[in-house]
Amino acid sequence: MKTSIYDEAPQILKEFLGYMETVKGKSEHTVEEYYLDLRTFFRYIKQSEHLVSEQTEFQDITISDVNIELIRTITLTKVYEYMNFLRTDRQNKAASRSRKVSSLRTFFKYLTNKVNKLEVNPIEELETPKNKKALPKYLTLEQSLELLSKVEGPTAERDYCILTLFLNCGLRLSELVGLNISDVHNSNKTLRIVGKGNKERIVYLNESCVSAIQRYLTVRPKDGLQDRKALFISKQKKRISPKTVQYIVKKYLNEIDLGGQGYSVHKLRHTAATLMYQHGHVDIRVLKDILGHENLGTTEIYTHLSSQQMEDAALKNPLSHVKQRTGRTNVKKQD
């Protein structure tokens, strides 16, 4: 773990974070989110319990002295007061509050069930803030084809390959950046992907992906590389960075007038999933495995896209606003 941001973490929290990273296999980014969420919570607890001076700024409240005795004083009511604080004082939206609820649940479950430092979990009945599930943005088939047609320049083969893998395999940004040459298996046309929590999955490469990878490998730099294992190489002869990939995607989205409209690298993942579901009629359970989702519920949002399209089609019917005339006087009585 990064010692810089965990310096003030109390021992009980360090033990929890270590458990999440080593035993549960959570990524460094996820562990950091747990820490930041819990740090905010304990700062609030210390402030609300008047354990710090009123003049102390919230961001300056240290949590290094938090111990099991303080944790045992926490009640469900206090946690709901904390959730209200997040909404009113810190303007956290439902999605952000939901994540913080998840962090608290995981921490208290660990204290109760894993290390037995609590006899009863005080927040077992804690409810998650309702989060309005917006349908994800995605490119249409025509927009996807247009995006690929705009690729040109000295790194055209690399950029085209990156876009092709995003649009066909539904990779996350971190997954694409982490790809090694050894992850590409030409013999059976598969790609090994290391996803969240270091979970591996295998996806099959279609003809477009195989062709794009082969074309890129013919021009991929070979000399002076700082990371010979990396599949995608930057101009600096390093493994390509997430920031560079984001720039590449944004550049070509601007070419088709979709820059600055909420489209991003992650929207290409949504595009791949949507195209597979709507045009390829891929079973939702298969799609779950392709995308590396832990829960089927996460994948089911793509089934809602079809429902939304059907609703939109109904609303666009030219007869959709025609209503029965009222005040009829000459209607014959039905037998």
Side-chain angles (χ1 to χ4, degrees), residues 1 5-6 8-10 12-49 51-52 58-59 61-63 66-136 172 195-197 199 266 288 292-301 304:
M1 289 183 287
I5 71 163
Y6 299 106
E8 68 163 316
I12 194 168
L13 193 48
K14 286 180 179 177
E15 291 170 0
F16 164 70
L17 297 174
Y19 170 80
M20 297 307 294
E21 187 170 25
T22 58
V23 178
K24 301 299 286 184
K26 299 297 181 182
S27 69
E28 183 179 295
H29 175 71
T30 299
V31 171
E32 185 175 313
E33 281 190 337
Y34 277 128
Y35 173 67
L36 296 177
D37 288 345
L38 292 168
R39 185 178 67 178
T40 301
F41 173 68
F42 285 121
R43 281 175 173 174
Y44 168 80
I45 291 295
K46 290 189 67 175
Q47 184 182 68
S48 63
E49 296 297 310
L51 299 177
V52 294
F58 188 83
Q59 66 270 16
I61 297 175
T62 179
I63 65 166
V66 168
N67 53 32
I68 192 62
E69 284 72 29
L70 176 63
I71 293 172
R72 287 191 178 118
T73 69
I74 293 169
T75 64
L76 185 58
T77 300
K78 288 181 181 179
V79 176
Y80 277 127
E81 290 171 351
Y82 166 65
M83 301 309 295
N84 188 54
F85 161 79
L86 292 175
R87 184 178 63 84
T88 57
D89 290 48
R90 296 181 73 85
Q91 287 80 51
N92 281 187
K93 294 183 178 180
S96 181
R97 299 199 308 275
S98 294
R99 194 196 69 217
K100 289 180 171 66
V101 164
S102 178
S103 295
L104 285 171
R105 275 208 189 112
T106 304
F107 179 59
F108 276 91
K109 188 176 180 181
Y110 160 82
L111 292 177
T112 309
N113 301 337
K114 298 300 178 183
V115 294
N116 301 315
K117 290 182 183 278
L118 293 177
E119 292 183 7
V120 179
N121 185 346
I123 67 166
E124 194 165 2
E125 300 300 321
L126 180 62
E127 297 177 21
T128 302
K130 287 189 176 180
N131 185 19
K132 182 182 177 183
K133 286 191 176 181
L135 295 175
R172 298 180 177 95
K196 286 185 175 180
K199 291 182 179 178
H266 202 65
K288 168 184 173 291
H293 284 159
E294 193 166 331
N295 301 309
L296 187 61
T298 308
T299 319
E300 284 177 342
I301 192 167
H304 302 329

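Quick note: residue numbers are just sequence positions, from 1. Since the model is a prediction, treat every value here as computed from it, not as a measurement.
- Using cut-offs of 30° and 60° on the angle between ring planes, the pair Phe42 and Phe107 is perpendicular.
- The aromatic rings of Tyr110 and Tyr19 sit tilted, their planes meeting at an angle between 30° and 60°.
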Task: Intermediate values then yes/no, side chain to side chain contact (heavy atoms under 4.5 Å, CB included), Met20 and Thr106 - done: CA-CA 9 Å; Met20 297 307 294; Thr106 304; 3.7 Å; yes
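- From Tyr44, atom OH reaches atom CE of Met83 across 11.0 Å, with rounding to the nearest 0.5 Å.
- The 12-atom threshold is not exceeded at CD of Glu119, counting heavy atoms of other residues, nucleotides or ligands nearer than 6.0 Å.
- Not a single side-chain hydrogen bond (donor to acceptor under 3.5 Å, both in side chains) links Gln47 to another residue, sequence neighbours left out.
- Using a 4.5 Å heavy-atom threshold, the side chains of Pro10 and Asn67 count as separate.
- Note that the CD atom of Glu32 and the NZ atom of Lys26 stand 15.5 Å from one another [nearest 0.5 Å].
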Task: Test log, rule side chain to side chain contact (heavy atoms under 4.5 Å, CB included), inputs Val115 and Ile12 - done: CA-CA 10 Å; Val115 294; Ile12 194 168; over 6 Å; no
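- With hydrogens and angles disregarded, no donor-acceptor distance shorter than 3.5 Å links the side chain of Asp37 to the backbone of Thr40.
- A search for side chain to side chain contact (heavy atoms under 4.5 Å, CB included) contacts involving Thr112 returns Leu118, Asn121, not counting sequence neighbours.
- What you find for Ser103 and Glu33 is that their closest heavy atoms are OG-O, 4.5 Å.
- Proximity of a side-chain donor or acceptor of Arg72 to a complementary backbone N or O of Lys117 within less than 3.5 Å is detected.
- Formation of a donor-acceptor pair under 3.5 Å by the Tyr35 side chain with backbone atoms of Ile5 is found in this model.
- Side chain of Thr73 to main chain of Leu70: a donor-acceptor pair is present (N/O by atom type, distance under 3.5 Å, no hydrogens or angles).
- Using modelled atom types, no side-chain atom of Ser102 and backbone atom of Ser98 make a donor-acceptor pair closer than 3.5 Å.
- When atom types are taken as modelled, the side chain of Arg105 and the backbone of Ile123 share no donor-acceptor pair closer than 3.5 angstrom.
- Applying the salt bridge (Lys or Arg N to Asp or Glu O under 4.0 Å) test to Glu49 and every residue at least two apart in sequence or in another chain returns Lys78.
- No more than 12 heavy atoms of other residues, nucleotides or ligands lie within 6.0 Å of CD in Glu127, so this atom counts as exposed by the packing criterion.
- Atom CG of Leu104 sits about 7.0 Å away from atom CG of Leu126, to the nearest 0.5 Å.
- Partners of Phe108 according to the ring pair (Phe, Tyr, Trp, His ring centres under 6.0 Å) rule, which considers only residues two or more places apart in sequence or in another chain, do not exist here.
- Between Asn84 atom CG and Asn92 atom CG the span is 11.5 Å, to the nearest 0.5 Å.
- Residues passing the ring pair (Phe, Tyr, Trp, His ring centres under 6.0 Å) test with Phe41 are Tyr82, sequence neighbours excluded.
- Each of Leu38, Val66, Ile61, Val52 was evaluated against Arg43; a single residue qualifies, Ile61, per the side chain to side chain contact (heavy atoms under 4.5 Å, CB included) test.
- Under the ring pair (Phe, Tyr, Trp, His ring centres under 6.0 Å) criterion, Tyr80 pairs with no residue at all, not counting sequence neighbours.
- The CG atom of Leu36 sits 9.0 Å away from atom NZ of Lys100, with the distance rounded to the nearest 0.5 Å.
- Summarising the geometry of Thr62 relative to Lys46, their closest heavy-atom pair is O-NZ, 2.9 Å, with the distance given to 0.1 Å.
- Here Glu124 contributes atom CD and Lys109 contributes atom NZ; the two are 9.0 Å apart, rounded to the nearest 0.5 Å.
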